[in-house]
Amino acid sequence: MDAILKGLNAAQSAAVTSTAPVLQVLAPPGSGKTKTLTARVAYLLAHHGYQPWNVICCTFTIKASREMRTRLKSLIGERLESKLLLGTFHSICRRYLANYGYLIGIPKGFQIADSSDSLAILTRVIKRLNVSLEPRSTRTRISRCKAKAQNVDEHLQQPPRKKASADEQEFLQVYEEYQNALAASNLLDYDDLLIRCADLLRARPECVGNVEAVLIDEFQDTNTVQLELMKLLAGKNRRVTIVGDPDQSIYGFRSAEIQNLTRMQRYYPDTSVIHLEENYRSSAAVLCCAQEVIEQDTVRPNKRLKATHCYGTFPVLRRLPSAHDEAKWIVAEIKRMKAMTGNLTTFSDYAILIRSAHLSLLIENALGKAGMPYRMVGGYRFFDRDEIRTLLDYLRTISQPNNNAALSAIINVPSRKIGEESLKELLRLADESGTSLWSVIQKYTQGDLTMKKKLSRPAEQNLCKLIALVKEAKKRMVNVTAESTAKFLLEFCLNKLSYKEYLQGKHAGDHENRWANVEELLNQANDIAESGSNRNGVDSEESLPEIEGLDKQQSDSNDEALATFLANITLSSDLQATEDNQEQECITISTIHSAKGLEWPIVFIPAVYEGSIPHSRAEDTDEERRLLYVAMTRAQALLYLTCPLRQSRSDTETTLSSFLPLKLHRHFVQIGPVVTDKVVRDIALILRRSPPSEEELLKGLKSLSERESSGDNLWPADGSAKPKQWWDFEDEATSTRHKVDLNTDRQHNIHSNRMHYSDLKAGTTMTETTMTGSSSFSLAGISVGFSTAARHLELTQTQVQDEMICREREITTSKRTTVAKSRRGKTKASGGQGSLANFFAHGSFGSTTERPASKPLPEPELPSYINAPLKQEDHNIPTVFTSHKLSTKPASLKRPQPLAEIPNGKRKPYGFLSSSPSREVPPDQSFKGSCGGDTNRATGPESILSSTSKSTTTMHTTSVDMLRLQSAPGRRKTYGVRRMMNGWENRKNH
DNA sequence: GGAAATGTAGTTTTT
DNA sequence: CTACATTTCC
């Protein structure tokens, strides 16, 4: 059997081996799209004899392309992988233009205008033309035009429509001027890269004459130009494979068009379509929620997500009083989960996915305070930081002095006494004489040119120095190796500009952080300098295969290296993780957009309120909904949505996202789960990891305070403000503390459950209210073990019982669906005084369900590779975990994914996959156990810590110690970026 | 004209 | 809370 096909299901195999020339693989999240695509690449190389340099792999985001690279590396080896033409559309286009752009008149050494360049150019154009357009919106408008028009000129040459409004004319004027400005500076903006590359391939199709296959990931995110590019890249061979999922189309704002899927089918009538259906990523519970969300989209063709994992643990919809509390709660919950799952999860298993980048701030602060390592992905780019941008603009000026955008940006940084007025005048002169700013200032300083208003004496002198700097840099950079050009120039500039001193003067407050960022940039350049020398030349990634009769553009290797360095920076959202960063286990904070295609065991989605998701400025609600869907489907085992009831800024009340209507709440619980043995086992199963040992669990448990370990109970479940007293109780006797807590908890629950829901939606009936009002938690699973393991607590059974709150999902009978039906009515019998469930059951919400005392359910038989379940003892602690199945039909059980799918490849797979002598796993047996069927249901009072007699002497790790272990002091980094805790330092001082 | 100081509005998502 | 615009002072 072919190794490539190992571990693929039938549909995936069919896709991989398909002989169809044009293939669409359409599939929901987690169904192995990327895996299929990478396997197909490997298959094409192995069985069709394609050469890697004749195969193009396009992804949409940098992250996706990195991910694909890694996967391919392990599949076909680095030697082959590195020869593939793999990258984002933009980077691939840039490569073609760098090599062949001259064929369509693109001057060599063009640079890429990023958003801020575009914005700066537009701002100046708009000011100069004195029109009333907004630079920002004009930029997006232009981008939209470009994404749709097949080429710019075509768009501009369209006869002005009869009724072209004044606004439209102004816009076209600005558009044209903008293009002129780009051309004058030898710049291409992001869209131009695509358009011009399409132009090139149309004019000279032989550039891609070698291409044997084109593969595209996330096809639903392509725009018109990219579709066109696909056709052009595929050329006459027209062998194309795409994977995609309309439900995950979230780039409409970048003019992505879902219709491209059908357009492609029309263009290639022989397109075969293969659907993948099984989801291998998430628990059924997660899928169920996500499905409910996406199905609110009424125009969407109905598709089913087939779960292959067990139902798992209920997703959480957590309400908190404010965004501050939300951040603190997330931190507390991660801490709790991580500890309570022993060594099953590490920080890298946790992700916080946010709609907007600014939402990360509070969370970053909270994580920082708690000493938890994290990295931020997406949002503000490292290279957009002021101190970095300036340096890069110096490099860009040295590389291409005629780049007006870059020169304008640095001409007065550090201050050279050349103000905005003077600059404007200089630019005007440049524009009039059809030359660049660079030649204007040269002429001016040589006296060949006069300005209306002369520059001041010092300004003139400073300008001369700047010119000298650029010239000297250019002269001296030829003396270093190509690879170290960037490094050399950076150091040169830092020196000449006394950059460190400049930063100190300008940012007295946090110059240290800024300097640290500069050092990080230096490191980056350094890495390139070092890695470059042991490769064969700088441009190993750059090169395109030689094509007969076509000459590639040649240029000096130092220039080339510098240009590549700068281009790669412009086209990269982030720093590559350097080695020591990779080692560090980090919580991921990411925008949802950047999280696409990725997965994490435990996912938090904060700020699920109206205005955030859906975003207040979003024009397409459906796309916002898909965004939430994408975010939710990143989760493998545990999913948390959180919603602060007040926005911290304006102190206004929030409304829960309309994507989470009440009828959906039955799929959620209100607070984080109590970490029972079952919860842990389910996580282990879904992640295909070995369950943690008892020692590890105990260790984790002991690292938490008693309060923390007892459950998600630091905040009231309904999001009402945290009572002040809680701080004060810390030193009081244990038993009283818990009782008081419970009481406050309960009161707050009663109080604001009502308030909140009636506020939420007028006309909501009380019965609906009950649905969400009742989730609580149980201590049963852990408390016994806890009390025995930590004898000093002297908790008696009765006290434990008092604390116990039974998790219970009281779902209104009227609204109950098959999903919920199978599992209700099992609840603890003697909830005791402190039981929330008890309260809700008999309290004001009208549920009359009788709950018989449930005998502990028989423990499901577990496969032998799972640590034998802990022996059940009759603790007389009633517990109920209700649980739901996705449908009445049990989720089909699939063979476990192969090793390649195991996240990071770090985790040890189960014994039978790695070390067990018997590799044969009975196909449908392998993941029974707590998966599927009845094993989902309440598993009764199991203790995580079955063996309490074990020595605990070695387990004195306190939470502080643990954190110290996890993040060595002073070494905590955020993905190479020293983040600025805005005003944090200042606040600390006050 | 340039720079510092004060006042004001405003904050999607990515290449 | 900060980037940006408007003032005021040099």
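Proteins come first, then strands; the chains are lettered A, B, ... in the order of their sequence lines, and each starts at number 1.
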Find every protein N or O atom lying less than 3.5 Å from an N or O atom of nucleotides 6-9 of chain B, and list the pairs.
none

Salt bridge (charged side-chain N to carboxylate O under 4.0 Å, His left out) partners of [X], counting only residues at least two apart:
X: A/Asp117; value: A/Arg389, A/Arg396
X: A/Arg144; value: A/Glu619
X: A/Glu501; value: none
X: A/Lys596; value: A/Glu218, A/Asp221

Set of side chain to side chain contact (heavy atoms under 4.5 Å, CB included) partners for [X], sequence neighbours left out:
X: A/Glu460; result: A/Tyr444, A/Arg457
X: A/Lys453; result: none
X: A/Thr621; result: A/Pro614, A/Phe659

_Holding to side chain to side chain donor-acceptor pair (under 3.5 Å), I want the full list of residues that pass it with A/Asp245, two or more places apart in sequence or in another chain._
A/Gln248, A/Lys303

*asked:* Once side chain to side chain donor-acceptor pair (under 3.5 Å) is applied, do any residues pair with A/Tyr640, and if so which ones, sequence neighbours excluded?
replied: A/Glu333

*Scan residues 127-143 of chain A against DNA chain B and write down, sorted by residue number, each residue with any heavy atom closer than 4.0 Å; if none is found, say none.*
none

*asked:* Please give me every residue in residues 616-626 of chain A whose heavy atoms get under 4.0 Å of an atom in DNA chain B, ordered by residue number.
replied: A/Arg617

